[in-house]
Colleague: 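This structure is in structure tokens; I'll ask about it shortly.
Numbering starts at 1 and runs along the sequence shown. Atoms within each ligand, like the ligands themselves, are counted from 1 in listed order. Atoms considered below: every heavy atom in the structure, side chains included; atoms not considered: hydrogens, waters and symmetry mates.
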Amino acid sequence: MKTLIKNGIFNGNKIDLLIVDNKIAKLQESIDEQVDKTIDAKGLTILPAFVDMHTHLREPGFEYKEDIETGSKAAVAGGYASVCCMPNTKPVIDNKYIVSYIIHRAKEVNLAKVYPIGAITVGLKGEMMSEMGKLKQAGIVAVSDDGCPVSTAQMMRLALEYAKDFDLPVLSHCEDKSLVDNGVVNEGANSSKAGLNGIPSAAEEVMVSREIILAGMLNTKVHICHVSTKGSVSLIRDAKKRGIKVTCETCPHYICGTDDLILSFNANSKVNPPLREEQDRQAIIEGLLDGTIDVIATDHAPHSKQEKEIEYQLAANGISGLESAFALCYTELVSKGRMSLEKLSYLMSEAPAKIMNIPCGEIKEGGLADITLVDLNEKYKIDSKKFFSKGKNTPFDGWEVQGRVKYTFVEGELKYEA
Ligand code: DOR
Ligand code: ZN
């Protein structure tokens, strides 16, 4: 099968791109060749398809929130060819049967590539380590207890030691539950105004510090999930300067949103860690620009209407993120002139692929044809009703954004067309 993408823009230059089967065969100013399909990409920018290293697909167990099929549709509609799914399913991804099930189901759905992340501890309970070797054999690409922090330093130490032996990235959800207490939003002026219990920045930073200290002691890698505070950015910046092997991600909602969004009491702004203050948001952007923050991941966390259209305190944590990630980040970072498109593309594709050891994330001859075509000039309003995801929970509904995903190819096959 041959597909020719004509007249696209790549790194600012006009280019034709030839796909043969699952690979990029040629990248040239002009290609004339007999092909099965031609796509006129005039005015469209060619990017490596995005890689989400932090997605919640919910299947098995919470199919009322999302399933592998709807989550995969959301992924390709968002420009993602690869998603790594977190283990807080029911049952938890802590045994090889669930890993095999997810891989098998994703192949049946045949849209995005789905890479399961195994649990660090059995049942995400923090008590007994999962069998990482067996999970790796079954196909996991990393381990995490995301959603539940690993509460003791001793368990995290063990996990880091074992994961190093199995060459598995450890993705840490940093949250000291004793400091969270019964908080539901960021602790600050807005939590007081809203009369909602606050979660201090320290709840994240205490555990970020712990992971940095452990990674240094063991001379091993650790990856910090969803960084949300100014303090975490400076801890990680300092650790990197000292040679600690720490990497981290932030999410579109910490780049674009602050806790001003809670003042409407719409629980679609409820997420864990919570949306923080403007100074945190600015520090996150600085961290992305200076290389402290390695990756933009979605933390796509779909929930049902029933779990969100209730009192703020009782609502579930999470934002449905796959289908708005690129446009939100492009609008906030690139349109406003703070970041180059190349850097944004790197943060959303190549950087996460490298951390997760997934062979994709770049446009190059001979590479896998995971490609997204975007119209960078198109402006539109985010409309969650149109999401393929079952999760319509986003605080960015109705926001005017720029940058529309038009086509997504996964290993040479067209999986999404707007
Ligand atoms: O807001 C969140 N939602 N944060 C997490 O860590 C977990 C996630 C979920 O699974 O809903
Ligand atoms: Zn998390």
Side-chain angles (χ1 to χ4, degrees), residues 52-68 70-71 74 83-93 116-121 123-124 126 142-151 156 169-177 180 183-186 199 203-205 207-208 211 222-229 232 247-254 257 259 261-262 266-276 295-308 310 312-322 325 352 389-396:
D52 194 11
M53 64 181 288
H54 191 145
T55 308
H56 296 272
L57 291 181
R58 307 299 193 202
E59 184 178 349
F62 299 105
E63 289 84 352
Y64 67 95
K65 296 176 194 266
E66 188 82 291
D67 58 43
I68 291 171
T70 55
V83 296
C84 305
C85 61
M86 283 294 179
N88 59 342
T89 48
K90 203 167 92 187
V92 165
I93 311 179
I117 296 168
I120 293 175
T121 65
L124 307 178
V143 288
S144 180
D145 269 6
D146 187 59
C148 311
V150 174
S151 58
M156 185 48 89
V170 177
L171 320 179
S172 174
H173 167 118
C174 290
E175 181 186 16
D176 183 310
K177 290 279 191 194
V180 171
V184 291
V185 294
N186 177 57
I199 303 172
E204 176 174 313
E205 293 155 7
M207 207 172 273
V208 169
E211 310 312 43
V222 69
H223 177 86
I224 311 292
C225 294
H226 40 55
V227 167
S228 74
T229 76
S232 295
T247 56
C248 69
E249 71 197 30
T250 191
C251 312
H253 39 278
Y254 305 115
D259 65 353
L261 287 166
I262 71 165
N266 179 339
N268 285 331
S269 63
K270 187 175 175 186
V271 61
N272 189 24
L275 297 177
R276 305 286 185 181
V295 164
I296 298 175
T298 68
D299 195 4
H300 177 73
H303 290 291
S304 69
K305 231 176 157 177
Q306 288 79 356
E307 293 164 303
K308 282 295 197 179
I310 51 174
Y312 207 99
Q313 294 93 308
L314 303 176
N317 276 308
I319 291 173
S320 181
L322 282 168
S389 171
K390 290 182 192 174
K392 313 298 177 194
N393 47 304
T394 171
F396 305 111

Colleague: Look at atom 5 (C) of ligand 1 and say which protein heavy atom is nearest, naming residue and atom and giving the distance to 0.1 Å.
Modeller: Asn272 O, 3.7 Å
Colleague: To the closest 0.5 Å, what do you measure between OG1 (Thr121) and CE (Met156)?
Modeller: 9.5 Å
Colleague: Give a yes-or-no answer on whether the side chains of Asn272 and Asn317 include a donor-acceptor pair shorter than 3.5 Å.
Modeller: no
Colleague: To the nearest 0.1 Å, how far is atom 3 (N) of ligand 1 from its closest protein heavy atom, and which atom is that?
Modeller: Asn317 O, 3.1 Å
Colleague: Are His56 and Asn88 linked by a side-chain donor-acceptor pair shorter than 3.5 Å?
Modeller: yes
Colleague: Any ion pair linking Lys177 and Glu175 (charged N to carboxylate O, less than 4.0 Å)?
Modeller: yes
Colleague: Please work out, at 4.0 Å between heavy atoms, whether the side chain, the backbone, both, or neither of His173 comes within that distance of ligand 1.
Modeller: side chain
Colleague: Any atoms of ligand 1 less than 4.0 Å from a non-hydrogen atom of His303? List them with their elements.
Modeller: 11 (O)
Colleague: Taking just the N, O or S atoms of Asp146, which one is nearest to the Zn ion (ligand 2)?
Modeller: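 The atom in question is OD1.
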Colleague: With heavy atoms of Gly147 as the reference, note each atom of ligand 1 found under 4.0 Å away.
Modeller: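 Every atom of ligand 1 under 4.0 Å from some heavy atom of Gly147: 6 (O), 7 (C).
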Colleague: Please identify which atoms of ligand 1 are closer than 4.0 Å to at least one heavy atom of Val271.
Modeller: 1 (O)
Colleague: Is it the case that the side chains of Ser228 and Arg276 hold a donor-acceptor pair, with the cut-off being a distance below 3.5 Å and no angle test?
Modeller: yes
Colleague: For ligand 1, which atoms, with element, lie under 4.0 Å from some heavy atom of Ala301?
Modeller: 3 (N), 8 (C), 9 (C), 11 (O)
Colleague: For atom 8 (C) of ligand 1, what is the closest protein heavy atom, and at what distance to 0.1 Å?
Modeller: His56 NE2, 3.8 Å
Colleague: Measure from the Zn ion (ligand 2) to every N/O/S atom of His173 and report the name of the nearest one.
Modeller: ND1
Colleague: So, is His226 placed with an N/O/S atom under 2.8 Å from the Zn ion (ligand 2), counting both backbone and side chain?
Modeller: yes
Colleague: Yes or no: does Met86 have any heavy atom under 4.0 Å from an atom of ligand 1?
Modeller: no
Colleague: Between Arg58 and ligand 1, which part of the residue brings a heavy atom under 4.0 Å of the ligand: side chain, backbone, both or neither?
Modeller: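 Side chain only; the backbone of Arg58 stays clear of ligand 1.
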Colleague: Using 0.5 Å steps for rounding, measure from the NZ atom of Lys390 to the NE2 atom of His303.
Modeller: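 Reported value, rounded in 0.5 Å steps: 14.0 Å.
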Colleague: What I want to check is whether the side chains of Glu204 and Ser232 have a donor and an acceptor closer together than 3.5 Å.
Modeller: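 Checked: Glu204/Ser232 side chains pair up, N/O donor to acceptor below 3.5 Å.
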Colleague: If you measure from each non-hydrogen atom of Asn88 to ligand 1, which part falls under 4.0 Å: side chain, backbone, both or neither?
Modeller: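 Within the 4.0 Å criterion, Asn88 contacts ligand 1 through side-chain atoms alone.
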Colleague: With heavy-atom distances below 4.5 Å as the criterion, would you say the side chains of Met86 and Thr55 are in contact?
Modeller: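 No; the side chains remain at least 4.5 Å from each other.
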Colleague: Regarding His226 and His54, is there a side-chain donor-to-acceptor distance under 3.5 Å anywhere?
Modeller: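 No, no side-chain donor-acceptor contact under 3.5 Å.
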